[in-house]
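In what follows, a structure is listed as structure tokens, so that the remarks can point back to it.
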Amino acid sequence: MDKLGDMASVYEFDPLTGNIPATKVEITVSLCVLYTQGVETKQWREFGRTEVIDNTLNPDFVRKYILDYFFEEKQNLPLVFVEYDKLLPPLLRLEKPLGGIQGKNCGTIILSAEELGNCRDSATMQFCANKLDKKDFFGKSDPFMVFYRSNEDGTFTICHKTEVVKNTLNPVWQLFTIPVRALCNGDYDRTIKVEVYDWDRDGSHDFIGEFTTSYRELARGQSQFNIYEVVNPKKKMKKKKYVNSGTVTLLSFSVESESTFLDYIKGGFLCAVKFSGNPSQSTSLHYMNPYQINAYALALKAVGEIIQDYDSDKMFPALGFGAKLPPDGRVSHEFPLNGNIENPYCNGIEGILEAYHQSLKTVQLYGPTNFAPVVNHVARYAAAVQDGSQYFVLLIITDGVISDMSQTKEAIVNAAKLPMSIIIVGVGQAEFDAMVELDGDDIRISSRGKLAERDIVQFVPFRDYMDRTGNHVLSMARLAKDVLAEIPDQLISYMKSRGIKPNPAPPPYTPPGHTHHTQI
């Protein structure tokens, strides 16, 4: 997530340490898997992995890692390099502090770090080439371009590769979009080097030539200034009559400011709680211990206290499912916790907790675990406001194996095209394999052959966050951080897919009798 000036969001503030990062840095490595380490638990978690590059011992990865940098902390970064197709033990493992990363000879792997600027623009551009050198014996050439950003020390870092256009000396490459800070880190006059290659199946791509430009030059758009001679320096030195190896022309250029989560934050929070067991028995996860809050309430409080601050009126509908309701004992999978069908809204998280505890005294916990009714309930809210003015987050707290898997998958696939996200917190010791499937991180969820438009589900098992020392504050901070981590990207993906822009910020307040001046 992008950083907005000096303002720290809940996603830049680390609840485990109470620290706000001094800045962000971009880590470049030359398939690598990066791990980060929790300050308190010291456990390693995968942070990200690069793309795979075939058939080469000298990979140059485009993928970058964007990390928060804390000046006062030693941040270790273990990197695991694997042979992708064989899945053998790691070929290489090395560890260096984040602060002051230097080159490390171990095969040869180079790591570099640079502080990122706050530029939030993205540039979209398209290029074509004319009369490139013929490199293939039985054909023409299969050209592609590689873009490099110059670094402060005079070296270059790869930042983009185009697709390969087969068998042509006059390729037209597809439009591509790249963050301006990846292209030049916000320095419009920084050199951008572009190399043109002929693709070979064995990975030994043939160098055609290169040229340099800058963001400021590219921003002029299609013009005589953006027609570049592709030059091969070796050919130029050897051949007196050498002119160039073709030309590359910029066909189009546009720039757009990337919107972030904080630009959009308007919406609603809805809660659904699974009812099962006997709350009067100490073995029940709903057990009302007069001296200790139960797992359901802990999870609700941890997540709700953070997300409620993004709701303007803090009035939240709260539903229960899997219980027999008075007076006739009918089983319901969609009933208001406060007992008011006409107005299921509760005042803040404390209001939801109060309604939850009160409902434990009035309903009979029963089962089974059906998700589809509450997912469809929230989807009806979301379907009514698809203009970007609201975004809905459904929190489901459950302890059981899901009973209506096929119906729930269909409901989620349908909901994926609506402005909503779903958080599932599993409490207790049950197997939650079905929840992992709904999460869709590895395989996008589908129903009846229809793939979900986007990933909208985040699942976490509550037991993984229970601190053995009894430190509930730390446990809940970790839970909230992980369970809410995907919400910003899910919200932004919906808004961008619909072409929805954030509402403009209100003008600055001017006290009566004063005139506001803008300095340029």
Side-chain angles (χ1 to χ4, degrees), residues 28 30 53-62 103 108 110 112 123 125-176 178 183-185 187-253:
T28 301
S30 255
I53 298 181
D54 295 330
N55 296 324
T56 181
L57 298 178
N58 303 291
D60 202 352
F61 296 105
V62 176
T108 299
I110 299 173
S112 61
M125 60 192 84
Q126 185 178 25
F127 292 87
C128 70
N130 188 44
K131 297 182 179 179
L132 295 177
D133 284 354
K134 178 180 178 296
K135 291 290 186 178
D136 293 340
F137 186 76
F138 291 107
K140 296 179 180 178
S141 287
D142 304 319
F144 68 96
M145 293 196 297
V146 184
F147 288 73
Y148 297 87
R149 178 187 72 228
S150 61
N151 301 317
E152 295 172 348
D153 61 359
T155 60
F156 286 89
T157 297
I158 187 171
C159 57
H160 181 73
K161 287 182 182 178
T162 69
E163 77 283 5
V164 176
V165 182
K166 291 293 190 71
N167 197 31
T168 180
L169 302 181
N170 303 294
V172 178
W173 288 284
Q174 296 177 8
L175 279 167
F176 67 90
I178 182 171
L183 193 63
C184 64
N185 205 11
D187 180 356
Y188 293 171
D189 296 309
R190 184 181 291 204
T191 299
I192 299 168
K193 182 173 71 172
V194 184
E195 295 178 343
V196 185
Y197 288 90
D198 167 46
W199 177 85
D200 287 330
R201 187 179 300 276
D202 62 4
S204 60
H205 311 307
D206 299 319
F207 179 69
I208 296 176
E210 64 185 18
F211 63 90
T212 60
T213 184
S214 68
Y215 177 86
R216 193 176 300 279
E217 289 295 324
L218 293 172
R220 293 185 178 189
Q222 186 179 24
S223 69
Q224 60 180 348
F225 301 105
N226 280 314
I227 300 175
Y228 301 96
E229 289 190 340
V230 178
V231 176
N232 187 321
K234 290 184 178 179
K235 281 190 173 183
K236 188 174 183 179
M237 290 179 63
K238 292 180 179 179
K239 299 180 180 180
K240 292 183 179 180
K241 294 183 178 181
Y242 175 82
V243 178
N244 59 50
S245 295
T247 60
V248 168
T249 301
L250 176 67
L251 294 178
S252 64
F253 183 92

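Predicted model only: the values in this text are computed from it and were never measured.
Every residue two or more places apart in sequence or in another chain that forms a side chain to side chain contact (heavy atoms under 4.5 Å, CB included) with Val231 is listed here: Glu229, Lys236, Tyr242. Every residue meeting the side chain to side chain contact (heavy atoms under 4.5 Å, CB included) condition with Val172, not counting sequence neighbours, appears here in chain and number order: Gln126, Cys128, Leu251. Residues satisfying the side chain to side chain contact (heavy atoms under 4.5 Å, CB included) test with Asp200, not counting sequence neighbours, are Asp136, Asp198, Asp202, Ser204, His205, Asp206. Looking at residues two or more places apart in sequence or on another chain, you find a side chain to side chain contact (heavy atoms under 4.5 Å, CB included) between Arg216 and Tyr188, Asp189, Ser214. Taking Glu195 as the reference, Lys193 meet the salt bridge (charged side-chain N to carboxylate O under 4.0 Å, His left out) condition, with sequence neighbours excluded. The side-chain hydrogen bond (donor to acceptor under 3.5 Å, both in side chains) test applied to Thr191 returns no partner, not counting sequence neighbours.
Looking at Thr213, Asn244, Thr247 one by one, the single match for side chain to side chain donor-acceptor pair (under 3.5 Å) with Tyr228 turns out to be Thr213.
Looking only at distances, no side-chain donor or acceptor of Ser141 sits under 3.5 Å from a matching main-chain atom of Pro143. For Ser245 (side chain) and Asp133 (main-chain N/O), no donor-acceptor pair under 3.5 Å exists by modelled atom type. Side-chain atoms of Gln174 never come within 3.5 Å of backbone atoms of Glu163 as a donor-acceptor pair (strictly under, hydrogens ignored).
Interatomic distance, Ile192 CD1 to Phe147 CZ, rounded to the nearest 0.5 Å: 8.0 Å. The line from OG1 of Thr168 to NZ of Lys134 is 12.5 Å long, rounded to the nearest 0.5 Å. Between atom OG1 of residue Thr162 and atom CG of residue Leu175 there is a gap of 12.5 Å, rounded to the nearest 0.5 Å. Here CG of Leu169 is found 11.5 Å from NZ of Lys135. Values are rounded to the nearest 0.5 Å.
The side-chain heavy atoms of Leu218 and Asn226, taken from C-beta on, include a pair separated by under 4.5 Å. By the 4.5 Å heavy-atom criterion applied to side chains, Glu217 and Phe225 are counted as neighbours. The shortest side-chain heavy-atom distance between Asp142 and Asn167 falls under the 4.5 Å cut-off. The side-chain heavy atoms of Lys140 and Leu132, taken from C-beta on, include no pair separated by under 4.5 Å. For the pair Asn130 and Thr249, the minimum side-chain heavy-atom distance is 4.5 Å or more. Annotation: side chain of Pro171 is not in contact with side chain of Met145 (no heavy-atom distance under 4.5 Å).
Nearest approach of Asn151 to Arg190, heavy atoms of both residues: CA-NH1, 4.1 Å.
Classified by interplanar angle (parallel below 30°, tilted 30° to 60°, perpendicular above 60°), the ring pair Phe176/His160 is parallel. Ring geometry for Phe144 versus Tyr197: interplanar angle under 30°, hence parallel rather than tilted (30 to 60°).
Atom NZ of Lys234 sits in a sparse spot, with 12 or fewer heavy atoms from other residues, nucleotides or ligands closer than 6.0 Å.
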